[in-house]
Each structure stands twice: as C-alpha cells, then as structure tokens.
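Here is the structure we will look at, set down as structure tokens.
Nothing here was measured: the structure is a model prediction, and the numbers come from that model.
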Amino acid sequence: MNSLRRTVSLLMMKMVMMVLLDFTNYVWMLPAPSRVSMESVDMRHILRWRPLQDPCNTTVLYSVQFQGEFELMVLNGSWVDAPECQQTPHTHCDLTSDLGSDSDYNLHVRARCGSQVSPWTKLSRPFNRRDTVLTAPQMAVTAVGDGLQVTFHKLPLTAVVSVAVWKRGDELQAVVHTMPAEHTMLHVAALQEGAVYCVRAQTILDTQLHSSSTDTQCVPITGPDAAWKRPTTVTVTVIVMAGLLFAVFWSVVHCSPDACKTYFHKEPLPHSLKSDWDIQMPMSREEAECCERIHVEPSAGELRISNLEESRHM
C-alpha cells in the first residue's frame, strides 16, 4: 500500500513538473535583454540595455528592479521595482533617486511583448554610486565690489567643491575654500583692490574621488565703489543730455521773432568779406606804356549807315 502511494506521488510530481516546464517555456518565449550596463557620471546613474531584436506585434516594454543591502539582508533578498522604469518603451532608466546610499546594488531588467515576458537579465556586477566618474565643474567667476563671486552649475549630489583662490603670480599662497554642492555659489570677500585674483576648482566625493580641475580664471578686483560708479555716471550723462535737448527744442518752438533777434543777434560781415572791393593791381612802367588808350575811328561805310538811320528818324 505504501509503495502504491509512493508510486502515485511520483507520477503526480512528474506531471506537475511537466506542466510547469511547458508553462515556463510558454512564458519565457521572449529572449532576455542583452548588454545591460551602468553609466554613472557626476552621480547621475543611467542603466542601459540593448533593445530586443525579435519581432513584436506591439511596443516592447521594459521593467527594472534593484536590490540593495537592505533588501538583501533584511527583506530576505527581495527586489524593488524602480518607479520610473516600469513598462517603459525606452532602453535606458535613470536610477539616480533610487540608488540613494553608498551600498552595493544588484540590478536587472526584463522585456514584455503583449502577454509574453522575457527572463530577467542581471547587471554583471553590483553597482556602487561611489564608482561614478566625476568631471570638472562648470564655473563662472565675477568681481563684485572688493570680492569674488564664484558660481557653479550642475554639481553632483553629496559632493564637495574645493575652490583655490590666489593673487596672480603668488599661486603658492593660494587659499582653499570648501563648499557643499547644494550651495552652488561661493563669495570671497575683502580682497586687495586693483589686484588680479585667479580661481580654480574641483569636485571631491568622500575625500577619495576627485574630478579634474577647471581651467584657471583670473579677474581684476575693481573695488567697492565700482558697483555703483559706472551706472551712476551713465545715468547722470543721459539725464544731462536729455535736459539739453529739451532746452534746445523748447527754445526753437517757443521763441518769438523779436526774442530770437535778441538772443540770436546777426553780426555784420567784416569788411574783408564784403564783395564791393576796390581792387587795384599794381603795374610796372613798361606794362603801363604797353597799355595806352587806342582811339578807333569809324569807317566811311559805318558813317553812311549812321546818317541814313538818323534821316529816317527825322
């Protein structure tokens, strides 16, 4: 009797195994995503994978899960869905907000085509955000009064920025300032007026990972009055010019003829500019002798014509 029960149990287990295998083969018809990799730059973590090559009648959707030390040790190895990367058509996933500690994380991704689901593809090795690649920060330096204002853009999370400031030609005496990444702006005050100061910065993560340094930027210190001197000068100049133009325009419009004659008196031309000149050209004695007066006598024909004209008038 016991042997019969044992035989029946074995047959039942075999049948269940066959059904499960057939079901598994049906479910995992899709191939798993390939080339899963993590790209982490300046504490921004992007998981990428190769798109599915098999044909699909609908859009292929992907889902991502992660497993940190807490899930592995406390939650008995459970996996957590990445909220922004569930049923997404993209082949990348931003996990920056999900990987929020310096622990090792396991990651995997799978594909879905309609009712078909692929197996999970796991990242080849656990990822730790301390493995991120730091680049030189984007820095802008401006002179403000007797100090410097150093501004940064897109700094990595949880990082510290080291800023070196020195007077040009005296780099060995540079003063190093540290600033949390979330502040994005550093003000260095009480610098020597008229001197040129140089600035260079780099990003530091946990005192172990350093980015490359920025290019050195040098600016002159203009002094505390420069912030208002130039705008004030420009404003006063504009006001004075506007007042002069208004005064000229008002005078032209409201000036009566008598008043205009009084204010705009016409001065007579000097004698040297008048046109009634009596010009006498000095001549030498020889030229004077050559220029004697010549008396021209009329001819007989001209006298006859003149006499005829006189007789007609009479």
Side-chain angles (χ1 to χ4, degrees), residues 37-48 64 66 68 82-85 90 92-105 107 127-231:
S37 62
M38 175 62 79
E39 179 184 287
S40 179
V41 178
D42 290 334
M43 295 296 286
R44 187 185 179 198
H45 319 305
I46 308 295
L47 186 71
R48 299 185 183 276
V64 176
F66 62 89
E84 302 297 328
C85 305
H90 306 295
H92 58 84
C93 171
D94 191 344
L95 296 169
T96 303
S97 59
D98 299 308
L99 311 183
S101 66
D102 292 339
S103 61
D104 293 337
Y105 286 90
L107 303 163
F127 170 75
N128 194 305
R129 68 179 186 176
R130 288 177 296 185
D131 298 331
T132 189
V133 177
L134 294 180
T135 61
Q138 301 179 23
M139 180 182 70
V141 182
T142 55
V144 180
D146 62 346
L148 293 175
Q149 182 174 290
V150 188
T151 307
F152 297 93
H153 302 280
K154 297 181 179 179
L155 292 174
L157 299 175
T158 71
V160 173
V161 184
S162 175
V163 185
V165 181
W166 69 92
K167 190 188 297 185
R168 178 183 284 177
D170 198 9
E171 186 173 355
L172 296 178
Q173 302 297 323
V175 178
V176 179
H177 305 265
T178 57
M179 180 191 73
E182 57 267 20
H183 289 177
T184 71
M185 184 183 295
L186 174 69
H187 185 74
V188 183
L191 299 178
Q192 180 180 343
E193 183 177 349
V196 177
Y197 283 83
C198 300
V199 181
R200 187 170 58 232
Q202 67 174 171
T203 306
I204 302 174
L205 186 63
D206 293 335
T207 69
Q208 299 176 358
L209 187 62
H210 295 68
S211 73
S212 57
S213 297
T214 62
D215 294 333
T216 301
Q217 298 186 32
C218 300
V219 295
I221 302 301
T222 53
D225 297 335
W228 61 268
K229 275 185 178 179
R230 185 173 180 179

key: Within-4.5 Å side-chain heavy-atom neighbours: Arg130 and Leu209   = no
task = Compare every heavy atom of Gln208 with every heavy atom of His210, then report the nearest pair and how far apart it is.
result = ND1-O, 3.6 Å
ask   = Is the backbone of Ala136 close enough, under 3.5 Å, to the side chain of Thr214 for a donor and an acceptor to pair up by distance?
value = no
message = Tell me if a side-chain donor or acceptor on Tyr197 pairs with a main-chain N or O of Gln192 at a distance below 3.5 Å.
response = yes
query = So, does Thr96 use its side chain to make a donor-acceptor pair with the main chain of His45 at under 3.5 Å?
reply = yes
task = Locate the shortest heavy-atom distance separating Pro137 from Phe152; write the atom from each residue and the value.
result = CB-CD2, 3.9 Å
query = Within a strict 4.5 Å, meaning less than it, do heavy atoms of the Thr203 and Pro156 side chains meet?
reply = yes
request  = Take Val161 and Ile204 through the side chain to side chain contact (heavy atoms under 4.5 Å, CB included) test and state the conclusion after the steps.
outcome  = CA-CA 6 Å; Val161 184; Ile204 302 174; over 6 Å; no
remark   = Heavy-atom closest pair (Thr132 atom, Ser40 atom, distance to 0.1 Å) is OG1-OG, 2.9 Å
inquiry  = Can you give me the closest heavy-atom contact between Met43 and Leu157, atom names plus distance?
reply    = CG-O, 3.6 Å
request  = Kindly compute the distance separating CG (Leu191) from NZ (Lys167), expressed to the nearest 0.5 Å.
outcome  = 9.5 Å
ask   = Taking everything shown except Arg44 itself, do over 12 heavy atoms lie less than 6.0 Å from its CZ?
value = no
query = Less than 4.5 Å apart, any side-chain heavy atom of Glu171 and any of Trp166?
reply = yes
query = Side-chain contact, heavy-atom cut-off 4.5 Å: Asp102 with Arg129?
reply = yes
ask   = Roughly how far, to the nearest 0.5 Å, is OG1 of Thr142 from CD of Gln149?
value = 4.5 Å
message = Once rounded to the nearest 0.5 Å, what's the spacing between atom CE of Met179 and atom CG of Leu155?
response = 6.0 Å
message = Any non-hydrogen side-chain atom of Met38 less than 4.5 Å from a side-chain atom of Leu95?
response = yes
query = Under 4.5 Å between any side-chain heavy atoms of Met139 and Val199, yes or no?
reply = yes
inquiry  = Please report the interatomic distance NE2(His92) to OG(Ser37), rounded to the nearest 0.5 Å.
reply    = 12.0 Å
inquiry  = Quick check: closest heavy atoms across Ser212 and Gln202, and the distance to 0.1 Å?
reply    = O-CB, 3.9 Å
request  = Could you walk me through whether Thr216 and Arg200 pass side chain to side chain contact (heavy atoms under 4.5 Å, CB included), step by step?
outcome  = CA-CA 5 Å; Thr216 301; Arg200 187 170 58 232; 3.2 Å; yes
key: Interatomic distance, Asp94 atom CG to Glu39 atom CD [nearest 0.5 angstrom]   = 10.5 Å
remark   = CG (Asn128) and OG (Ser103) are apart, to the nearest 0.5 Å, by 6.5 Å
ask   = Which atom pair, heavy atoms only, marks the closest approach of Leu148 to Ala143?
value = CD2-CA, 4.2 Å
task = Find out whether Leu186 and Val188 are in side-chain contact, i.e. whether some heavy atom of one side chain is under 4.5 Å from a heavy atom of the other.
result = yes
pair Asp98-Pro83: side-chain heavy atoms closer than 4.5 Å = yes
